[in-house]
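Structure first, then comments.
In what follows, chains carry the letters A, B, and so on, assigned in the order in which the sequence lines appear, proteins first and then strands, with residues in each chain numbered from 1.
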Amino acid sequence: MAVNGSVPNGTAEAPIEVPALPTVIGVNFGNSYASIAEGLPESIANEDGERQIACAIAFHGEETYIGNQAKQQLVKNASNTIVGFRNLLGKKYSELPKDTATASAPVIQHPDITDEPAYKVQVLQASPSPLPSAVNTKTNTPAVSQTATPRSEPVLVDRVLTPSEVTVIFLKSLLQSAEDFLGKKVDGAVITVPSWFADNQLEALRKAAHAAGINVLQLLEDAGAAAVTTTSGPQAAGLNPDRTQLVVDLGASSLSLTLLSIRHGLFHPLASSFDPTIGGDQIDNKLIKFFAKEFTKKTKTPLAVCPSSDKADIRAEARLRLALEHTKRTISASPGAATCSVESLKDGLDFTGTINRMRFDMEARPIYSAVYSKARELVESVGLDFLHVDEVVYVGGSACLPGLDETLAQGYPESTVTAFASGTIVGGGVGDPTTLLARGAALQAKLLAEIGHSGEDEEVRRAFEQGSKWAAVKATSRTIGILFPEEGADAAGLGGQWIGVVPAETAVPVRRSLSFDVDLGDDAGEKKVGFEVWEVKEGIKVEKVKQPRDEDEELEEDEEEDDEIEVKEKTIEKDIHLASLVLTAKHAQKQKGRWRTKLEVQVLLGADGAVEISAWEVGKEGKGEKTSVSVPSL
Amino acid sequence: MADIVQIPTVIPPLPPNWSPKPASGKSVSPLVDRKLIPAGPAYLAHIRRAVHNLSFEEHDK
Ligand SMILES: Nc1ncnc2c1ncn2[C@@H]1O[C@H](COP(=O)(O)OP(=O)(O)OP(=O)(O)O)[C@@H](O)[C@H]1O
Ligand SMILES: [Mg+2]
């Protein structure tokens, strides 16, 4: 109670109302796996302890399984197990490719809805309870003696589900897992979507999420979620806030590549591609064949897989496919060998096979190489080279495989930053490809949850919606920078110190501020600082360089020619002189016999293309006088 | 305030005979149309500026 009597008796201190921040989550909803995250670096586990939750639903008798347990049903109960439903959202039956072999419940034309895809599964349904006695007696008085009808056995019935209905069940269970894990109600979610999802697919997902009880804050494209994660938090050494990022998303059934221009936290795609023939499933096929051969060698039991047609072979293949999940994770996590164990693989025979990383990579090489070619194609499609890829971001389960990065490393330069090089890929590090999307979505959810509710805030919020006019911007097509002329600088070069300020592919309006130490020489007279502003042409120079040979390496005559290697280098050429700026240094300080000052330069590039370049010294008393020059608008 | 990028290299003195080249009067090369991905704090800042029609300086305050 009040000690000094300043608080009158009987008055409770009014509790300060702190509006609780809403609980929001990020959901990575893949076609094969989903994951959920809140603010934490780790993603959320469901009740089975899974963080990569299989997008699968299986019906067995009266039971419904969701997630990895449902996937297990693909062995013995495949026709009642539904997978791959996300990609069918918003699709018409007539749009789907027919005659695709499936190891799960097939997609059929919905019996009642025109041109609607559906799955037909068999479930056990409790039979309806006996009809009330009212049917038997004309009055409402109960019959005197009526033997209780025994509850009859549940009956097997067909259940027809559309991809949307399956999605609702699945998302509901994700939401439940998140709420159980967090111990509170979830107020909203950002859900990731592939960049190729058309409007009706987005609409179908939005509806399904709504029906599942999720308040959708935003449907965010996968690459955007990856960019959010990789531009927030501490940045890896050598990462410039202006950079070109290649997002390599290798999932189970597809490869998505996105080349992003990242400019101080703003990002836009330069190019993207999608290939549904490259993915973890293809790696699985190779390994299934590998292990099936091993099995036959060990047991003398024939096993024909990928494709398999015999019933026992089909089951064996399904068992191997499930077991490989563990094998692949072991290969990703450690350099040692990995095993693949299946109880009763075929004819009651157990199987345990081993594969080392070298052999694994040999099997997976065609897939790695396909990713490499696609990446190269993408980069070249916008007139760039691997040399311009400053960062590779790996997303998706199959991108955990180190062999993939080793393959791509043959293309990108040594300076390129990847989570493999930074050592953040394994053990739930910030570069973990299996949690990156959900974490990005969670960060985005938090950002959106903090926007207020005034009229203008609503306008701001709408700017995050699909196709918002605010997302359409103009960007620079060339790099603009400043050149500090230097005495005796290589005349063939630029003639001084070049500093790129606004790189090509930067959205406008943009403001950039730089700060430098300037050496003003040892002269006591008037000291000037000056620089030129240029727009430059960037290119690539390819040179054949003779490779230094190992001294004791013995060479055959015909190997001589292989000695030349190609060395690529980025080039810069001055093209348009935009302006020059000069100012007199008034705040120079003498250090070790030389005059020095600190200079700040600001470049403002407007939406109309006009540029204003300003510079000022920063002395002991703060900012000095500002000098500006400008470049006319377009 | 804007992020100020610290440039690690020390700028050498101007050549004694250097004088500023007169401006060419040219503008930057034509801008291109792009679509930002609506995500991240920088996009939010970009939108706040745009919606309220603020300059960078006004937005700093
Ligand atoms: N640690 C790992 N190492 C290797 N492969 C893995 C690892 N974790 C998951 N995978 C594989 O990654 C694939 C799943 O990737 P992801 O979760 O990105 O799927 P997705 O985005 O739903 O896929 P898609 O939409 O392409 O079908 C599966 O083939 C799975 O076996
Ligand atoms: Mg995916």
Where do B:R34 and A:L266 land on the side-chain contact (heavy atoms from CB on, under 4.5 Å) test, with the steps shown first?
-> CA-CA 12 Å; B:R34 292 292 182 258; A:L266 274 186; over 6 Å; no
Test log, rule side-chain contact (heavy atoms from CB on, under 4.5 Å), inputs A:L448 and B:L44 = CA-CA 9 Å; A:L448 293 173; B:L44 178 58; over 6 Å; no
Evaluate side-chain contact (heavy atoms from CB on, under 4.5 Å) for A:D457 paired with B:R48, printing each intermediate quantity in order.
-> CA-CA 8 Å; A:D457 283 337; B:R48 285 207 190 281; 3.1 Å; yes
So A:T476 and B:L31, side-chain contact (heavy atoms from CB on, under 4.5 Å) or not? Walk me through it.
-> CA-CA 5 Å; A:T476 54; B:L31 301 171; 4.2 Å; yes
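In this structure, the side chains of A:E487 and B:P13 stay at 4.5 Å or more apart for every pair of heavy atoms.
In terms of heavy atoms, B:A39 sits closest to A:V228 at CB-CG2, 3.6 Å. When all heavy atoms of B:S29 and A:L634 are compared, the pair lying nearest together is O-CD1, 4.1 Å. For the pair B:G40 and A:Q444, the tightest heavy-atom approach, listed with the atom from each and the gap, is N-OE1, 3.0 Å. Nearest heavy atom pair, residue B:Y43 against residue A:F464, reads CD2-CE2, 3.4 Å. The minimum heavy-atom distance linking B:P22 with A:H577 is given by the pair O-CE1, 3.4 Å. Of all the heavy atoms in A:P632 and B:G25, the pair that sits closest is CG-O, 3.4 Å.
Chain B forms more heavy-atom pairs under 4.5 Å with one residue of A:A463, A:G224, A:G440 than with any other, namely A:A463. The candidate from A:G265, A:A471, A:S580 with the greatest count of non-hydrogen atom pairs under 4.5 Å with chain B is A:A471. In terms of heavy-atom pairs under 4.5 Å with chain B, the best-connected choice from A:F531, A:F267, A:W595 is A:F267. In terms of non-hydrogen atom pairs under 4.5 Å with chain A, the most contact-rich of B:S19, B:P41, B:A45 is B:P41. Per-residue heavy-atom pair counts under 4.5 Å with chain B were compared for A:Q466, A:R512, A:E505, A:R594, and the maximum is reached by A:E505. Among A:G530, A:A472, A:S195, A:A504, the residue making the largest number of heavy-atom pairs under 4.5 Å with chain B is A:G530. Note: B:P15 leads B:P12, B:P15, B:A23, B:A42 in heavy-atom pairs under 4.5 Å with chain A. With respect to chain B, the highest number of heavy-atom pairs below 4.5 Å among A:I576, A:L270, A:L260 belongs to A:I576.
If you take NE2 on B:H52 and CD on A:E459, they are separated by 8.5 Å, rounding to the nearest 0.5 Å. Put simply, CZ on A:F516 and CD1 on B:I11 are 5.5 Å apart, with the number rounded to the nearest 0.5 Å. Expressed to the nearest 0.5 Å, how far CG of B:L36 lies from OG of A:S261 amounts to 9.0 Å. Here the straight-line distance linking atom CD of B:E57 with atom CD of A:Q602 works out to 7.0 Å at 0.5 Å rounding. The distance from the CZ atom of B:R49 to the CZ atom of A:R511 is 7.5 Å, given to the nearest 0.5 Å. Residue A:H268 holds its NE2 atom at 9.5 Å from CD1 of B:I37, rounded to the nearest 0.5 Å.
Crowding of A:K446 atom NZ: a count of heavy atoms from other residues, nucleotides or ligands under 6.0 Å not exceeding 12. Within a 6.0 Å radius of NZ in B:K21, other residues, nucleotides and ligands contribute more than 12 heavy atoms.
For a residue to count as touching a neighbouring chain, one of its non-hydrogen atoms must lie under 4.5 Å from one of that chain's; by this rule A:R263 does not touch chain B. Proximity to chain B is limited to the side chain of A:I480, based on heavy atoms less than 4.5 angstrom apart. Looking at A:I499, the atoms closer than 4.5 Å to chain B (heavy atoms on both sides) all sit in the side chain, from C-beta outward. There is no contact between A:V601 and chain B, counting heavy-atom distances below 4.5 Å. For a residue to count as touching a neighbouring chain, one of its non-hydrogen atoms must lie under 4.5 Å from one of that chain's; by this rule B:P8 does not touch chain A. A:E600 touches chain B through its side chain: at least one heavy atom from C-beta onward sits under 4.5 Å away, while N, CA, C and O do not. Residue A:V473 touches chain B through both its backbone and its side chain, counting heavy-atom pairs closer than 4.5 Å. Heavy atoms of A:R596 lying under 4.5 Å from chain B belong exclusively to its side chain. For A:S232, no part lies under 4.5 angstrom from a heavy atom of chain B. Proximity to chain B is limited to the side chain of A:K598, based on heavy atoms less than 4.5 angstrom apart. In this structure, chain B has heavy atoms under 4.5 Å from both the backbone and the side chain of A:I451. For A:A507, the part lying near chain B is the side chain, with the backbone staying farther off; criterion is any non-hydrogen pair under 4.5 Å. Contacts of A:L514 with chain B are made by both backbone and side-chain atoms, with heavy-atom separations under 4.5 Å. Residue contact with chain B, scored on non-hydrogen atoms closer than 4.5 Å, is absent for A:T231. Heavy atoms closer than 4.5 Å to chain B are found in the side chain of A:V611, but not in its backbone. Heavy atoms closer than 4.5 Å to chain A are found in both the backbone and the side chain of B:T9.
Not one N or O on the side chain of A:E486 forms a donor-acceptor pair closer than 3.5 Å with the backbone of B:L14. Looking only at distances, a side-chain donor or acceptor of B:S27 sits under 3.5 Å from a matching main-chain atom of A:S633.
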